[in-house]
Amino acid sequence: MRFFEYEAREIVKRAGIPVTDFGFTTDAAEARAIAERIGGPTVIKSQVLTGGRMKAGGVKFADTPAEAEAYAADILELEINGHMPRGVLVDPKADVKQEYYAGVVWDGTAKKPVILFSDMGGIDIEEVAEQHPDHVGRVHISNLLPISDYQAKECIAQTGVTGKALQRLTPIVRRLAQLFVDNDMVLAEINPLCEMNDGTFVALDAHMDMESEARGRHKGLLEELGVGDDETRLAREPTEFELAGEAVDSADHRGVAGNVTEFDGNIGLVIGAGGGSLTLFDAVRAHGGEPANYCEIGGNPSVHKTCGLAKLVLTKPGVDKIAVMMSIVSNTRVDIVARGVIKACLELGFDPAEKIAIFRIPGAWEEEGFKILEKYGIEYADRSVSMHEAARRAVAKIAGPEAVTS
Amino acid sequence: MRTDGTFIGIEVDDEALAAEPRLAGHLSQVCPVDIYREAGDGKLEIVARNVDECVLCRLCLDIAQLDVGEDTVRVIKLYDGGATLE
């Protein structure tokens, strides 16, 4: 769940990291008042959840309050990448000596957060990491143990920063890491983190992304920032296909058959169970397959709900066959899922044996499930076939043996 | 290609229903997926939409056996050659 820049800056400020005397408004006249309060040149920045603001004309520099008002009026009407701004941020024009980068992201491979620091701020950290790897410091931290200054210092020092700058940057980076852990963020980034000409440091821009599942733990913060319960704040708007998946899932309280994400491949997936969705999705890709969708099925959804999800995937343009695959299930019944996906095929006028490329769900009630699958001539696999092998078979059957890359 | 998309069959003995007016109510109470609906005056309606949701829990068989006796309700696994749930 992403935050607007003005919200991210507020989060940074609450963590004890110095920020400029900025103001947020949805009104051009108020932008003028903020500029008057700041006194001096200002920067007017569109508040949108998309990149490319500068290029699109969503960031403008004003020398006077009157200019600030005029620019704010323009920016408030300016659509950027299909997004209308939430408002504008009015910021003092900074007297910058050097720009740094400080960020904390979740490292999925190491399964812990990693602090990133660079003495080359103001540009994409990915670009810096690629072209100037010696200018990026990295230190992993624990999500459970206290975060110490020395970890932040070690990270900063990797880039060659020493002396007073190192001393001043250390608490800022440590607080950013603490903020990341305390607020269940998946990304907490200050870019640029600026050293001003007077030697002080301030966060000039910030990006925050909170784990959506953690929203319930941070109701107070979200309420104070004015983030409504209905605001999903996803990286992009859900597609019609994804909304249809949400409708299938919400129509029946039993189990899960949804969390659909649309992709442009041709392999329809009905997948799930205890992390099985991610594993199977990755396995399909690892074998050269191009999934048409991601989804999650588990917790014992009804036959009707399973049928609804399978129908949705089967009718997605470009999908010819589906692969029904799960990890070894405990509470989700094999026979119930089998009934649902077969019903989906039949209700659409398809032969289940043709449309279901593979059915690999071992576990609860598998004997009953396998009887059903046998009756309809569907290829199925028990637990002796790994998820990766099932994914390979699905790719070979749907995309053709030549498509299998490993 | 098989086109039959029904997996479960339900049969309830009409004479048993007439003899035991509480049976319809009890069946509708115990079924976790609402296959049975009490239609008043001891009559019973089978909700066709929910029949394939049957989770083979045997609760209907058990309550019918308590109220009337064995074989009052039969749950048939149509995918298994018409085998009945025991």
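Protein chains get the first letters and strands the later ones, always in sequence-line order, with residue 1 at the start of each.
You'll find the side chain of A:V303 stays beyond 4.5 Å of the side chain of B:F7, heavy atoms only. Inter-residue side-chain proximity for B:K77 and A:D335 is flagged as unmet; no heavy-atom pair is nearer than 4.5 Å.
Side chain to side chain, A:E368 and B:Y79 meet the donor-acceptor criterion of an N or O pair below 3.5 Å.
Of all the listed residues (B:N50, B:I8, B:V55), the one sharing the greatest number of non-hydrogen pairs under 4.5 Å with chain A is B:V55. Each of A:E347, A:K371, A:E374 has some count of heavy-atom pairs under 4.5 Å with chain B, and the biggest count is that of A:K371.
Rounding to the nearest 0.5 Å gives a distance of 9.0 Å between CG of A:L346 and OG1 of B:T6.
Taking a 6.0 Å sphere around CD of A:E290, one finds it holds 12 or fewer heavy atoms contributed by other residues, nucleotides or ligands. Surrounding CZ of A:R217 are at most 12 heavy atoms belonging to other residues, nucleotides or ligands under 6.0 Å away. The local environment of CZ in A:R285 is sparse, with at most 12 non-hydrogen atoms from other residues, nucleotides or ligands closer than 6.0 Å. Within a 6.0 Å radius of CD in A:E223, other residues, nucleotides and ligands contribute 12 heavy atoms or fewer. More than 12 heavy-atom neighbours from other residues, nucleotides or ligands sit within 6.0 angstrom of CZ on A:R233. Within a 6.0 Å radius of CG in A:D382, more than 12 heavy atoms belonging to other residues, nucleotides or ligands are found.
For A:I336, the part lying under 4.5 angstrom from a heavy atom of chain B is the side chain only.
For the side chain to side chain donor-acceptor pair (under 3.5 Å) criterion with B:D52, the lone passing option out of A:H304, A:R339, A:K343 is A:K343.
Among all heavy-atom pairs drawn from A:R254 and B:V33, the shortest one is NH1-CG1, 3.6 Å.
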